[in-house]
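One structure is given here, and the rest of the page talks about it.
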Amino acid sequence: PQSLSKILLHLVFSTKNRECWIDDALQPELHSYLAGSCRGLGSEAYRVGGTADHVHIACTLPRTLTVSALLEEVKKSSSAWAKQRD
C-alpha cells in the first residue's frame with residue numbers, strides 16, 4: 001500500500017546581519033525566484049513574501065528532502081542569485 005502525506009512548512013530566513021537590502025523593487029523578482037527554486041526541488045510554494053530584511057515561504061515538504069536540506073538549498077540558490085545581480 002502507498003502511504004500519503006502532505007507536510008506544510010513556514011520557512012523564515014533573514015538577510016545577513018538583518019541588513020535591509022531587499023528593497024520594494026527587488027521583492028517581486030526575488031519572491032518569484034524563491035517560488036521557482038522550491039518547485040525545482042519538488043516543493044509546492046503556496047506563498048512567498050517578506051520585508052526588506054527577511055523572507056517567508058509557505059510550502060510543502062517533498063518526500064525526498066528533509067526540512068534542513070530544503071532550506072539549505074533554497075538559501076544557497078537565492079544567495080547565489082542575489083550575488084550575481086551585483
Query - Sequence-distant partners of K76, salt bridge (charged side-chain N to carboxylate O under 4.0 Å, His left out), two or more places apart - result: E73
Report task. Could you list all the side-chain hydrogen bond (donor to acceptor under 3.5 Å, both in side chains) pairs where at least one residue sits in residues 22-32, not counting sequence neighbours? Result -> E29-R85
Query raised in the report: Roughly how far, to the nearest 0.5 Å, is NZ of K75 from CG of L70?
Result: 12.0 Å
**Report entry** Smallest separation among heavy atoms of I57 and C38, with atom names
**Finding:** CG2-SG, 4.0 Å
Report task. Could you walk me through whether W81 and S37 pass side-chain contact (heavy atoms from CB on, under 4.5 Å), step by step? Result -> CA-CA 11 Å; W81 176 83; S37 181; over 6 Å; no
Contacts under 3.5 angstrom, residues 43-50 side chains, donor-acceptor by atom type, not counting sequence neighbours:
unit_1: S43; atom_1: OG; unit_2: T60; atom_2: O; d: 2.5
unit_1: Y46; atom_1: OH; unit_2: K6; atom_2: NZ; d: 3.1

Query - Atom of P62, atom of L41 and distance for their closest heavy-atom approach - result: CG-O, 3.5 Å
Requested in this report: Using salt bridge (charged side-chain N to carboxylate O under 4.0 Å, His left out) as the criterion, list what pairs up with E72, not counting sequence neighbours.
Outcome: none
Query - T51: side-chain hydrogen bond (donor to acceptor under 3.5 Å, both in side chains) partners, not counting sequence neighbours - result: D53, H54
**Report entry** For I7, side-chain contact (heavy atoms from CB on, under 4.5 Å) partners two or more places apart
**Finding:** L9, L61
Query - Contacts of T15 that satisfy side-chain hydrogen bond (donor to acceptor under 3.5 Å, both in side chains) - sequence neighbours left out - result: none
Report summary line: One should read off an interatomic distance between L4 CG and R63 CZ, to the nearest 0.5 angstrom, of 7.5 Å
Query raised in the report: If two hydrophobic side chains count as joined below 4.5 Å and joins carry through other members, does Y33 share a cluster with V12?
Result: no
**Report entry** Set of side-chain hydrogen bond (donor to acceptor under 3.5 Å, both in side chains) partners for T66, sequence neighbours left out
**Finding:** S68
